[in-house]
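First up is the structure itself, then whatever we jot down about it.
It should be emphasised that the depicted structure is a prediction, and the values quoted were computed from it without experimental measurement. These values consider heavy atoms only, across backbone and side chains, with no hydrogens, waters or symmetry-generated copies.
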Amino acid sequence: MACTTILIGKHASYDGSTIIARNEDSPSGQFEPKRMDVVLPADQPRVYKSVESHLTIELPEEPMRYTSVPDALPGHGIWAAAGFNERNVAMTATETITSNERVLGADPLVVYRPARGTEGEEGFEPERPGGIGEEDMVTLVLPYATSARDGVRRLGALLEQYGTYEMNGIAFSDVDEIWWLETIGGHHWIAKRVPDDAYVTMPNQLGIDSFDLADAEGDEREHMASSDLRSWMATHHLDLTLGGSSVGFSGTSTDESAVSSVFNPRHAFGSHSDSDHVYNTPRAWHMQRFLNPSSRWDGPGASFTPESDNIPWARTPERKLTIEDVKYVLSAHYQGTPYDPYGKMGTEATRSMYRPIGINRNGQLAVLQIRPYAPESCRCVQWMAFGSNVFNALVPLYGNVDRMPAYLSNTTERVTTESFYWANRIIAALADARFHENAAHIERYQEAVGAAGHAMLIETDAAVAQANPEQVSDLLAEANDRMVERVQRETDNVLAKVLYTTSCAMKNGFAMSDN
């Protein structure tokens, strides 16, 4: 799916937390309803079968409880998206990324193939399952990961065993580390630790721009990879580093020393297409333009433009970053530039030139924060928003609970304002129609919910410090309930305001009245 990700190391965040966050966006022309849930160990399958690829996988017998943001409508898989497990490990999956023909020729994707012919007759070929993909990864990995590194290792082993039918990026975090894994072809993968003092921007294309293969093959301090990556790269001439050896084909192997120990995966495994310059690179440009404003982003002397292929994967921000910064960049629509679809700068052509981050088909935003100063029992906070991020608000929810409030978990096919997902979809459609008239309503809504959220965390953390450990989970669930009750009131209130404002601007309005 089309998504946008930001990762923030613990020394780059405002409170020492590790923070990983991702928009989950539906494909063009689709709006996939989402809900939030808690999966208890008894409800985790022991034999998993994917809908997309018809792949069956036996799972371990001892899963952990975890939060999940699955698709609300049954019939096409779980798509659990993001969550925490009870060991305070977070995972968000996936960011759809890009590749190139050389990689996909050297290690083809493992795509489901239906049965051919009639069983029992000559020429019949049974179905061939595909690999794992976005539908599956959180369900297959998060309930069993004991750390961010362990999550990388488990997913890497599954990729090597079963393969994948798509290119994806996946984030893992714990209280100390953030890791980013990118799939390479059908069975290969690389993973890199996010520097503690940096943030990472990921806009639907292969992102890692420097990789230490020697570290991945040795101590794995900051890099991990599939075990045969060097030999596979050598065999298929994938390292594009200048100054390296030029190796010719000899028998069935090539010289592994031809592969540079430090190379650029974006060159080797990624894409540099014209569509990247419309769909992907502008999003990284705008996020980093906001987070590092002193760099030159505009004009003839700009260090980077919206169409630059070399925008850094990770960089140190100019100040520490907050939850509100995450929400702003993952809601962005090129404010302050000629590319803003709601703006007055530029021309009609420039205002529709690039794909916004805050787009109509945002389905959900999960911001996964792990706070080192909080007790382990309440360390994880899953900030959630549904619908188009330009018009919604982030709600903090404690992860160490056995249930989620119905307003978040009751999404069905029926459109109703009793569902947080559907209420936000309605607000966005109404507010978008009269963006400037409704902007103040939306800003006040976002500020009210955000302030209430921070206050709830302060109050509840203090209560946890005084509570019996056996009561903490219930205490957190009750705090979530109170927070969501407040959010529902605020959401109903802003819905009434944008409905009134947009109704007054309807084309069939007429000033004369019979009263």
Side-chain angles (χ1 to χ4, degrees), residues 3-23 95 97 169 171 173 177-180 182 192-211 222 264-266 270 272 276-340 343 345-346 350 353-358 365 367-369 383 389-390 394:
C3 307
T4 310
T5 293
I6 184 169
L7 317 172
I8 302 174
K10 59 188 179 184
H11 297 325
S13 73
Y14 72 107
D15 66 345
S17 294
T18 55
I19 301 173
I20 63 176
R22 179 177 65 94
N23 291 341
E95 180 83 19
I97 61 175
S173 64
E177 297 185 329
I178 300 173
W179 283 82
W180 177 252
E182 294 182 329
K192 182 161 181 165
R193 185 179 185 274
V194 175
D196 291 336
D197 64 349
Y199 68 89
V200 163
T201 54
M202 283 296 307
N204 281 137
Q205 62 185 150
L206 193 138
I208 297 175
D209 55 8
S210 177
F211 195 81
E222 298 185 357
N264 188 331
R266 202 181 290 179
H272 299 282
D276 282 332
H277 299 154
V278 173
Y279 201 81
N280 295 326
T281 57
R283 284 182 277 160
W285 172 82
H286 191 66
M287 285 192 281
Q288 295 190 20
R289 184 179 186 269
F290 174 74
L291 299 174
N292 284 83
S294 295
S295 298
R296 293 202 61 179
W297 300 100
D298 305 285
S303 301
F304 303 103
T305 74
E307 300 185 15
S308 294
D309 288 322
N310 61 338
I311 297 173
W313 177 70
R315 67 185 304 165
T316 303
E318 295 180 17
R319 57 171 175 80
K320 292 187 175 183
L321 305 181
T322 67
I323 297 297
E324 291 70 38
D325 292 324
V326 173
K327 177 64 168 70
Y328 184 85
V329 297
L330 292 183
S331 306
H333 44 89
Y334 304 109
Q335 299 94 310
T337 77
Y339 316 116
D340 182 357
M345 299 172 63
T350 64
M353 183 176 294
Y354 299 132
R355 189 264 205 210
I357 300 169
L365 163 59
V367 182
L368 306 175
Q369 179 185 18
W383 298 77
N389 287 343
V390 180
L394 268 180

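One distance of note links CD1 of I311 with CH2 of W285; it measures 9.0 Å at 0.5 Å rounding. Interatomic distance, I8 CD1 to K10 NZ, rounded to the nearest 0.5 Å: 15.0 Å. For the atom pair D196 CG and E177 CD, the distance stands at 7.5 Å (nearest 0.5 Å). Atom CD of E182 sits about 9.5 Å away from atom CZ of F211, to the nearest 0.5 Å. Atoms CG and CZ, on D276 and R283 in that order, are 10.0 Å from each other to the nearest 0.5 Å. Taking OH of Y199 as the start and CG of L291 as the end, the distance is 4.5 Å to the nearest 0.5 Å.
The closest donor-acceptor contact from the side chain of Y354 to the backbone of H333 lies at 3.5 Å or more, if one exists at all. A donor-acceptor pair under 3.5 Å is absent between the side-chain atoms of T18 and the main chain of S173, judged by distance alone. Distance alone, capped at 3.5 Å, places no donor-acceptor pair between the N389 side chain and the A332 backbone. K192 places no side-chain N or O within donor-acceptor distance of the main-chain N or O of D209, the cut-off being under 3.5 Å. The closest donor-acceptor contact from the side chain of R22 to the backbone of T4 lies at 3.5 Å or more, if one exists at all. The backbone N or O of N204 lies less than 3.5 Å from a partner atom in the side chain of E95, making a donor-acceptor pair. Counting only distance, with no hydrogens or angles, the side chain of W297 and the backbone of H286 share no donor-acceptor pair below 3.5 Å.
Between S331 and V390, the shortest heavy-atom distance links the atoms O-CG2, 3.5 Å. Shortest non-hydrogen contact noted between M202 and V200 is CG-CG1, 3.9 Å. Between G346 and P338, the shortest heavy-atom distance links the atoms CA-CB, 3.8 Å. Closest non-hydrogen pair, G16 versus S13, comes out as N-OG, 3.2 Å. Closest non-hydrogen pair, P317 versus A198, comes out as CD-CA, 4.3 Å.
Taking 4.5 Å as the limit, some side-chain heavy atom of V367 sits within range of a side-chain heavy atom of I19. You'll find the side chain of D309 stays beyond 4.5 Å of the side chain of R266, heavy atoms only. Considering only heavy atoms from C-beta on, R289 stays 4.5 Å or farther from F304 through its side chain. Between P306 and Y339 there is a side-chain heavy-atom pair separated by less than 4.5 Å.
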Exercise for the section: For side chain to side chain contact (heavy atoms under 4.5 Å, CB included), just list the numbers for T350 and M345, CA-CA rounded to whole Å, side-chain angles, deciding distance to a tenth of an Å, and then say yes or no. Expected result: CA-CA 9 Å; T350 64; M345 299 172 63; over 6 Å; no

Handout entry: W313 vs L206, side chain to side chain contact (heavy atoms under 4.5 Å, CB included): CA-CA, chis, key distance, verdict
Key = CA-CA 9 Å; W313 177 70; L206 193 138; over 6 Å; no

Exercise for the section: Would you please test W383 and L365 for side chain to side chain contact (heavy atoms under 4.5 Å, CB included) and show each step? Expected result: CA-CA 8 Å; W383 298 77; L365 163 59; over 6 Å; no

Exercise for the section: Would you sort out whether D325 and F290 count as a side chain to side chain contact (heavy atoms under 4.5 Å, CB included), showing the intermediate values? Expected result: CA-CA 9 Å; D325 292 324; F290 174 74; 3.7 Å; yes

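Under the rule for a ring pair (Phe, Tyr, Trp, His ring centres under 6.0 Å), Y279 has no partner lying at least two apart in sequence or in another chain.
Among R315, M287, R319, the single residue meeting the side-chain contact (heavy atoms from CB on, under 4.5 Å) criterion with N292 is R315.
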